Amino acid sequence: MPEPGPRMNGFSLGELCWLFCCPPCPSRIAAKLAFLPPEPTYTVLAPEQRGPGAPAPAPAQATAAAAAQPAPQQPEEGAGAGPSACSLHLSERADWQYSQRELDAVEVFFSRTARDNRLGCMFVRCAPSSRYTLLFSHGNAVDLGQMCSFYIGLGSRINCNIFSYDYSGYGVSSGKPSEKNLYADIDAAWQALRTRYGVSPENIILYGQSIGTVPTVDLASSIDKISKVTSPVLVIHGTEDEVIDFSHGLAMYERCPRAVEPLWVEGAGHNDIELYAQYLERLKQFISHELPNS
């Protein structure tokens, strides 16, 4: 990598030269632009890593123990037995916004994908009595540590538990980000949610945020993307999205055979759509009325 220098749109001149000049293959350029895994904001420790003499987390870090659940079909690392199978340690960069009580409701563990990558998974028990669980595929340039607070807030407001995972090369997940790995990642997450927690398919809501719509639509259709999805679909898009043009959301809605009334958030961009009141209200309506009656 080049030395830091003057930056243009987040890139230094040296980084731009490295990005576009070093890899002559266009597909490699596209790959570098598509995935932006951040520096990890959390760690997950298995029991054997927390034996006598293991270093304690820094005072600034938040920590939670992950309750173990049986997982007979999907191989998992650190799944073990007992209430402290794995522990989650959040750094200051995760920007945790709640207390230890909420963090105790967060369970973490490792799974394994069909492409032999270790997958970091997170189950957030926001509403233990809820019928539905969101399988949440998060956006680019974030990891589970940064999303953890958002999951707590979202799940408690829409009365759903949330299951999420980090893509290969993100957070504690091994491997490198790629389109094929995205599909293997969400498939492993689906299997873990089904076998580890016993959630029935009809009670799982697939939620894709930004780049997360790619594996979400693939899992929902298994074949040919959005036109093959036969479940109810709610499309939400900001009209002023500066990253993914609004026309993409409109095209997805028009091609989906069972799309419900979409939500076009007037004035919303790519990273602030969740801040609008109509976002939560529309999501609640979809979960509490449209899904049960579908």
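Computed from a predicted structure; not experimentally measured.
- Smallest separation of non-hydrogen atoms from Leu119 and Ala188: CD2-CB, 3.9 Å.
- Checked by atom type and distance alone, the side chain of Ser91 pairs as donor or acceptor with a backbone atom of Thr41 at under 3.5 Å.
- Put simply, the side chain of Arg131 never gets that close to the backbone of Cys160: no donor and acceptor are under 3.5 Å apart.
- In this structure, CD1 in Ile158 is found 7.5 Å from CG in Leu280, a value given to the nearest 0.5 Å.
- Looking at Arg93, its side chain does come within 3.5 Å of a backbone N or O of Glu39 through a donor-acceptor pair.
- In this structure, Asn140 and Tyr170 have side chains that are in contact, with non-hydrogen atoms separated by less than 4.5 Å.
- The CG atom of Leu88 sits 10.5 Å away from the CG atom of Asp104 when rounded to the nearest 0.5 Å.
- The nearest pair of heavy atoms linking Val108 to Ser87 is CG2-C, 4.1 Å.
- The closest donor-acceptor contact from the side chain of Arg194 to the backbone of Trp190 lies at 3.5 Å or more, if one exists at all.
- With a 4.5 Å cut-off on side-chain heavy atoms, Pro232 and Glu290 do not count as touching.
- Separating the CD atom in Glu202 from the OG atom in Ser200 is a distance of 4.5 Å, to the nearest 0.5 Å.
- The side-chain heavy atoms of Leu219 and Tyr183, taken from C-beta on, include no pair separated by under 4.5 Å.
- For the pair Tyr253 and Ile236, the minimum side-chain heavy-atom distance is 4.5 Å or more.
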- request: Let me see the working for Ile244 and His237 under side chain to side chain contact (heavy atoms under 4.5 Å, CB included), right down to the final yes or no.
  value: CA-CA 9 Å; Ile244 300 175; His237 206 121; 4.0 Å; yes
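- No hydrogens or angles considered: nothing links the side chains of Glu281 and Tyr276 as a donor-acceptor pair under 3.5 Å.
- Without hydrogens or angle criteria, Asn203 side chain to Val199 main chain gives no donor-acceptor distance under 3.5 Å.
- For Glu242, the CD atom sits in a packed shell: over 12 heavy atoms of surrounding residues, nucleotides or ligands are nearer than 6.0 Å.
- A donor-acceptor distance shorter than 3.5 angstrom exists from the side chain of Ser130 to the backbone of Tyr132, with no hydrogens or angles considered.
- Note: Leu206 CG to Ile186 CD1 = 6.0 Å, rounded to the nearest 0.5 Å.
- Remark: the backbone N or O of Lys176 is not paired with any side-chain donor or acceptor of Ser168 at under 3.5 angstrom.
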Taking it one step at a time, do Gln209 and Glu274 satisfy side chain to side chain donor-acceptor pair (under 3.5 Å)?
CA-CA 10 Å; Gln209 179 189 55; Glu274 293 87 359; 2.9 Å; yes
Applying side chain to side chain contact (heavy atoms under 4.5 Å, CB included), run through Gln278 and Trp264 and close with a yes or a no.
CA-CA 10 Å; Gln278 57 264 49; Trp264 311 133; over 6 Å; no
Worksheet entry | side chain to side chain donor-acceptor pair (under 3.5 Å) between Thr113 and Asp185, intermediate numbers included | CA-CA 6 Å; Thr113 76; Asp185 295 342; 4.6 Å; no
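- Aromatic ring pairs are classed by plane angle as parallel below 30°, tilted from 30° to 60° and perpendicular above 60°; the pair Phe109 and Phe163 is tilted.
- Considering only heavy atoms from C-beta on, Val106 comes within 4.5 Å of Cys148 through its side chain.
- For the pair Val265 and Thr239, the minimum side-chain heavy-atom distance is 4.5 Å or more.
- In terms of modelled atom types and a separation under 3.5 Å, the side chain of Asp241 and the main chain of Phe246 share no donor-acceptor contact.
- Here CZ of Arg125 is found 16.0 Å from OG of Ser156. Values are rounded to the nearest 0.5 Å.
- The distance from the CZ atom of Arg118 to the OG atom of Ser111 is 11.5 Å, given to the nearest 0.5 Å.
- Ala34 and Ile211 make their closest contact through O-CD1, 3.6 Å (heavy atoms, listed as atom of the first residue, atom of the second, distance).
- Shortest non-hydrogen contact noted between Val235 and Gly249 is CG1-O, 3.7 Å.
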Discussion item. Before you tell me yes or no, could you show the steps for Thr133 and Ile162 under side chain to side chain contact (heavy atoms under 4.5 Å, CB included), namely the whole-Å CA-CA distance, both residues' side-chain angles and the distance that decides it to 0.1 Å?
Written reply: CA-CA 5 Å; Thr133 298; Ile162 295 181; 5.9 Å; no
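- Of the possible donor and acceptor atoms, one in the side chain of Arg255 sits under 3.5 Å from a partner among the backbone N and O of Ala251.
- When side chains are defined from C-beta on, Tyr207 does not count as touching Ser137, because their heavy atoms never get closer than 4.5 Å.
- With ring centers used as reference points, Tyr167 lies under 6.0 Å from His138.
- Scanning both residues, His270 and Ser210, for their nearest heavy atoms gives NE2-OG, 2.8 Å.
- Thr195 places a side-chain N or O within donor-acceptor distance of the main-chain N or O of Gln191, the cut-off being under 3.5 Å.
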Verdict with supporting geometry, Ser164 and Tyr151, side chain to side chain donor-acceptor pair (under 3.5 Å):
CA-CA 9 Å; Ser164 192; Tyr151 292 154; 2.7 Å; yes
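- Nearest heavy atom pair, residue Asp166 against residue Ser173, reads O-OG, 2.7 Å.
- Residues Gln146 and Tyr42 are not in side-chain contact: their nearest non-hydrogen atoms beyond the backbone lie 4.5 Å or more apart.
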- Using the side chain to side chain contact (heavy atoms under 4.5 Å, CB included) rule, take Leu193 and Ile204 through it: C-alpha gap first, then chi angles, then the decisive distance, then the call. CA-CA 9 Å; Leu193 180 56; Ile204 298 175; 3.7 Å; yes
